[in-house]
Amino acid sequence: MKRCAWLTVCFVLVSYCSFSQQHVSIRDFEFLVEKIRNDYPGYEAKVTPALFALEDRIRHKLELHPDSSFYYFSEYTSYFRDGHLRMGWLGGSSAPQSESVTIPVHRIDRDSLMRKNSDSQNLEGLWVSNFGEEIAILRSAADTNSFDGVFLSDDEGFFNFTPLADTIFAFTAKGVAPGFPKKSLALLRMNRKILEIHHSNHRFTRKSNDDIYDQAVTYTFIPSCPNGRNNYIMASVLDDSTFFMRIPGFYDYDKERIEEMLTWYRDDIRRCPYFIIDLRGNRGGRSSAYEALLPLLYTHPFVLKGVEWYASAGNIEEFETALKEGDIVGGEEGIAWTKALIREMKKHRGGFVIHPYDQGESDTVVYDTVYAYPRRVGILIDKSNASAAERFLLFAKNSAKVTLFGNEHTAGILDYSNAVPHTLPSGRYELVLPMTRSLDLPDHPIDNIGIAPDCRIPFPRPTDLYDKLDSWVYFVRNYFQLEDRLKQEDAE
């Protein structure tokens, strides 16, 4: 009897939990549907009966499988085929919790670990990363057959290395900053002096007493596992004719670096006839980050259209809340810009508005100066280029100096932009939703089409770029040199 009563209680609890999970998932989904319907500037252009059928189908799936809600929410946002409209996972009670494990600082004896570095055949010792960070690796207390590692500057996260072969290890990272895969492989190379983490932009050199030597080794090392990373902003004089600059992002933190490099190398750029800008891996950011580049590309006036803001009730409220909570960037100027936009949106609720600061301006782009050098600008592009990177390319394509080089179209994520996150009621997920649409629509869409290269490079895209030069860069340089040589021969 007691057993039956206990089973009944268990059944009730399980049923209640299941019902509660269904309720949370469906509430999140209804918020998602309403938010997109009311505030997405591309909704009217994309809604079809198929969308309503999808909504009904997902509601039914959520009743059966509420634990898969993130998958179904993503299925719904994917319908709109807009890279700026997407789901994000914030965590919360249903998010998997990683085990918090640390290596106590008192176990790390730097002198002892440095002695191990001189003749060690395993991982124990001190290592330095390609970013200059030091990591201590010790034999694991929990499993003497494996090794634990921790950054000396931050001992709250850790790595574990479990041997699979003589120089191959199963790698696990927990509680560390982004940039490391949770699970991957690690490989000892160069007579066990380099530790390469696969699918990561980190690698480590066994530390010596010469920091310059250690960094030179790490900097020169070419990874054996393709990681597909392009994380370095860099600039260099390639030769007397060519200046090279790699820009993997247009985010706020890239803006200062780009401007610094253009200042440092101002004379080199102005004396070289060719300028190569490598945008491979650049997924966008903010247009303000690339503004300093634009005068170098300019050759003549042209029309470049901007965006218009969707004056929905939710979007107006979003700006008002940001003002109230002090989340507006740009100081007093940013606050004034936001207030002016809110006033304009309230005059045209439910419609589209151009920001008042832009209304009296012509779409024609005009600069005071056309620089003689660089005479030719080659921009390397790939399928990852999106958003602000594509906006930059639209400017560049209007220049007589510029040729786009690559072997595939860009990502095609630009028609609807200026996306902001919205937390779903459960607090577990967020919806990222655009607030503007391009004034080039509907005649010249970019989404899911992208921008094509002007000149196709026949060589495959290198899987690892880092800060190295590669065949694509030299192809552009050679192309420009041969182009000029041919013109000179024709003139003679």
Side-chain angles (χ1 to χ4, degrees), residues 82-84 86 178-179 201 226-236 238 243-262 265 269 275-297 304 374 377-399 401-419 432 434 438 446-457 459-473 475-476:
D82 183 343
H84 279 132
R86 61 188 184 275
N201 58 331
N227 296 313
R229 302 285 180 164
N230 183 12
N231 295 314
Y232 297 85
I233 295 180
M234 66 164 293
S236 174
L238 186 57
F243 188 84
F244 173 77
M245 191 169 179
R246 173 168 291 147
I247 309 175
F250 285 134
Y251 296 98
D252 289 339
Y253 48 80
D254 297 312
K255 174 180 169 64
E256 182 178 356
R257 182 65 172 154
I258 293 170
E259 292 174 352
E260 283 179 349
M261 289 194 297
L262 291 175
Y265 293 102
I269 295 173
F275 185 18
I276 300 176
I277 302 174
D278 188 352
L279 289 191
R280 288 172 293 177
N282 189 317
R283 297 182 179 277
R286 294 180 179 272
S287 58
S288 59
Y290 59 69
E291 285 178 352
L293 283 165
L294 301 182
L296 296 170
L297 277 55
L304 185 67
V377 179
I379 303 179
L380 292 171
I381 66 173
D382 67 11
K383 65 181 179 182
S384 67
N385 296 148
S387 192
E390 291 177 304
R391 172 63 60 181
F392 172 75
L393 293 175
L394 290 181
F395 181 104
K397 282 180 66 66
N398 286 281
S399 170
K401 294 182 178 184
V402 172
T403 301
L404 307 186
F405 291 85
N407 58 21
E408 55 198 348
H409 286 221
T410 60
I413 305 175
L414 186 62
D415 292 347
Y416 303 93
S417 55
N418 289 289
V432 180
S438 170
I446 294 293
D447 279 12
N448 306 299
I449 299 171
I451 299 170
D454 301 312
C455 178
R456 290 194 169 267
I457 295 180
F459 305 103
R461 180 194 186 281
T463 52
D464 285 296
L465 292 174
Y466 292 100
D467 53 353
K468 311 278 193 309
L469 301 175
D470 61 89
S471 59
W472 279 37
V473 176
F475 177 88
V476 176

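Computed from a predicted model, the values in this text were never measured in an experiment. What's counted below: heavy atoms across the whole structure, side chains too, no hydrogens, waters or symmetry copies.
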>> Are the side chains of E408 and D382 in contact, using a 4.5 Å heavy-atom criterion?
In response: yes

>> Rounded to the nearest 0.5 Å, what separates atom CG in N407 from atom NZ in K383?
In response: 9.5 Å

> Can you tell me how far the NZ atom of K255 sits from the CD atom of E291, to the nearest 0.5 Å?
Replying inline: 5.5 Å

> If you take all heavy atoms of P453 and G406, which pair is closest and at what distance?
Replying inline: CB-N, 3.6 Å

>> If you compare all heavy atoms of A388 against all heavy atoms of G285, which two are closest, and at what distance to 0.1 Å?
In response: CB-N, 3.5 Å

>> Using the side-chain hydrogen bond (donor to acceptor under 3.5 Å, both in side chains) definition, which of the options D252, N418, D254 pairs with R286?
In response: D252

>> Using the rule side chain to side chain contact (heavy atoms under 4.5 Å, CB included), only one of L296, L380, L297 pairs with I277; which is it?
In response: L297

> Can you tell if the side chain of F392 reaches within under 4.5 Å of the side chain of L293, non-hydrogen atoms only?
Replying inline: yes

>> Restricting to non-hydrogen atoms, name the atom on D415 and the atom on D447 that form the minimum distance, rounded to 0.1 Å.
In response: N-OD1, 2.8 Å

> Got a second to check how far S399's OG is from I379's CD1, nearest 0.5 Å?
Replying inline: 8.5 Å

> Is any side-chain heavy atom of F250 closer than 4.5 Å to a side-chain heavy atom of L279?
Replying inline: yes

> How many angstroms lie between CD1 in I233 and CG in D278, if you round to the nearest 0.5 Å?
Replying inline: 12.0 Å

> What is the minimum heavy-atom distance between P374 and F275, and which atoms define it?
Replying inline: CB-CB, 3.6 Å

> To the nearest 0.5 Å, what is the distance between CG (L414) and CG (N385)?
Replying inline: 12.0 Å

> Quick check: does any side chain N or O of N282 sit under 3.5 Å from a backbone N or O of I247, one acting as donor and the other as acceptor?
Replying inline: yes

>> Can you confirm whether I446 sits close enough to S438 that some side-chain heavy atom of one is under 4.5 Å from a side-chain heavy atom of the other?
In response: no

>> Could you walk me through whether V402 and K397 satisfy the side-chain contact (heavy atoms from CB on, under 4.5 Å) test, starting with their C-alpha distance in whole Å, then the side-chain angles of each, then the deciding distance to 0.1 Å, before giving a yes or no?
In response: CA-CA 6 Å; V402 172; K397 282 180 66 66; 5.9 Å; no

>> For a side-chain contact (heavy atoms from CB on, under 4.5 Å) check, start with the C-alpha distance between M245 and L262, then their side-chain angles and the critical distance, and finish with the verdict.
In response: CA-CA 9 Å; M245 191 169 179; L262 291 175; 4.0 Å; yes

> Are any side-chain N or O atoms of H84 and backbone N or O atoms of Y416, one a donor and one an acceptor, separated by less than 3.5 Å?
Replying inline: yes

>> Minimum heavy-atom separation for S387 and R283, please, with both atom names.
In response: CB-O, 3.9 Å

> Can you name the nearest heavy-atom pair linking T403 to C455, along with the distance?
Replying inline: CG2-CB, 4.2 Å

>> Looking at E390 and I413, would you say the former's side chain and the latter's main chain have a donor-acceptor pair under 3.5 Å?
In response: yes

>> Please report the interatomic distance CZ(R391) to CD1(I451), rounded to the nearest 0.5 Å.
In response: 9.0 Å

